[in-house]
Asker: 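Shown below is the structure under consideration.
It should be emphasised that the depicted structure is a prediction, and the values quoted were computed from it without experimental measurement.
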Amino acid sequence: TRTAGRRRATVDLVESCDAAELAELAELADLVELPELAELSDSALGERASELAVAGTLSGHKRAVWAVAFSPVDKVLASASGDMTIKVWSVTEKGCLRTLEGHTNTVWSLVVCGDKLISASADHTIKIWSTTTWTCERTLAEHTDWVLTLALTPDGGKLISGSDDKTIKIWDTTSWN
């Protein structure tokens, strides 16, 4: 029957999804009122979530961790904290490789763009760090209040920053203008 076929297609769709896709499916199913999809995706997500286990814990910041970013180029993890630092971690060895200092207030957000790590802070600045030398190459100080969030366009050509100054700024990553 048509209902059985639709249910089989729904089951196939749910079984092909990873955990993040299942979470999105569950939300979508609720929005468009497909209770059978929401029920299946919630169930599958619950089953898969129970299989997840903590693979490691990284400790070292003195205050809360606000953001993390993974660098596929360097295969390291960076974390941003209220202690005004960014820590660079070895994911395989689960240890801190270095601590980047330069912000004068909480570091709220991080993104990786090629060989650059970009941080946003409550000190009203955005810093561009080289992942080769782990030094700050440039500081962008165009916001007049906390810089809370960062995003990159899919091609990495533009950086978008959002601030408590009620503005969103778009930066060209080739020139940083």
Asker: Within the side chain of Thr173, is there an N or O that forms a donor-acceptor pair under 3.5 Å with the backbone of Gly156?
Answerer: yes
Asker: If you define the side chain from C-beta out and look only at heavy atoms, does anything of Ser121 sit under 4.5 Å from Val147?
Answerer: no
Asker: Are any non-hydrogen side-chain atoms of Glu137 and Trp129 less than 4.5 angstrom apart?
Answerer: no
Asker: Answer with yes or no whether the hydrophobic clustering places Val111 together with Ile86; edges join I, L, V, M, F, W, Y residues whose side-chain heavy atoms lie under 4.5 Å apart.
Answerer: no
Asker: What are the two closest heavy atoms between Ser79 and Val65, and how far apart are they?
Answerer: CB-CG1, 4.1 Å
Asker: Would you mind reporting whether Thr85 and His61 have side-chain heavy atoms less than 4.5 Å apart?
Answerer: yes
Asker: Do Val68 and Val91 sit in the same hydrophobic cluster, where Ile, Leu, Val, Met, Phe, Trp and Tyr count as joined when their side-chain heavy atoms come under 4.5 Å apart?
Answerer: yes
Asker: Would one find more than 12 heavy atoms of other residues, nucleotides or ligands at under 6.0 Å from atom CZ of Arg63?
Answerer: no
Asker: Any idea which heavy atoms bring Thr125 and Ala141 closest together, and the distance?
Answerer: CG2-CB, 4.3 Å
Asker: Please find the pair of heavy atoms, one from Pro72 and one from Lys75, that lie closest to each other, and give the distance.
Answerer: O-NZ, 3.2 Å
Asker: Rounded to the nearest 0.5 Å, how far does CG of Leu97 lie from CH2 of Trp134?
Answerer: 8.5 Å
Asker: Taking only residues two or more places apart in sequence, or in another chain, which ones meet Glu101 in a salt bridge (Lys or Arg N to Asp or Glu O under 4.0 Å)?
Answerer: none
Asker: Can you tell me how far apart NZ (Lys169) and CG (Leu150) are? Round to the nearest 0.5 Å.
Answerer: 13.5 Å
Asker: What pairs of residues pass the ring-ring contact (aromatic ring centres under 6.0 Å, His included) test when at least one of them lies in residues 70-92, not counting sequence neighbours?
Answerer: none
Asker: When you group the ILVMFWY residues by side-chain heavy-atom contacts below 4.5 Å and let the links chain together, are Leu100 and Ile118 in the same group?
Answerer: no
Asker: Is the number of heavy atoms from other residues, nucleotides or ligands within 6.0 Å of CD1 (Ile160) greater than 12?
Answerer: yes
Asker: Looking only at heavy atoms, what is the nearest atom pair of Thr131 and Leu117, with distance?
Answerer: CG2-N, 3.8 Å
Asker: Going from CG on Asp74 to OG on Ser90, what distance comes out if it is rounded to the nearest 0.5 angstrom?
Answerer: 11.5 Å
Asker: Should Val76 and Val107 be regarded as members of a common hydrophobic cluster, given that ILVMFWY residues are connected when their side-chain heavy atoms come within less than 4.5 Å of each other, either directly or indirectly?
Answerer: yes
Asker: Measuring from atom CD1 of Ile128 to atom CG of Asp115, what distance do you get when rounded to the nearest 0.5 angstrom?
Answerer: 12.0 Å
Asker: How close do Leu152 and Cys113 get, counting heavy atoms only, and between which atoms?
Answerer: CD1-CB, 3.7 Å
Asker: With sequence neighbours excluded, tell me which residues meet side-chain hydrogen bond (donor to acceptor under 3.5 Å, both in side chains) with Thr57.
Answerer: none
Asker: What's the spacing between Asp123 CG and Thr104 OG1 if we round to 0.5 Å?
Answerer: 4.0 Å
Asker: Can you measure from NE2 (His124) to NE2 (His143) and round to the nearest 0.5 angstrom?
Answerer: 11.0 Å
Asker: Please tell me if the side chains of Asp172 and Lys158 come closer than 4.5 Å, counting only heavy atoms from C-beta onward.
Answerer: yes
Asker: Tell me, do Asp164 and Trp108 make a side-chain contact under 4.5 Å, heavy atoms counted?
Answerer: no
Asker: So, do Leu110 and Trp66 sit near enough that their side-chain heavy atoms are less than 4.5 Å apart?
Answerer: no
Asker: Minimum heavy-atom separation for Ser81 and Ala64, please, with both atom names.
Answerer: OG-O, 3.0 Å
Asker: Test your reading of the model: is there a side-chain donor-acceptor pair from Ser163 to the backbone of Trp146, 3.5 Å cut-off?
Answerer: yes
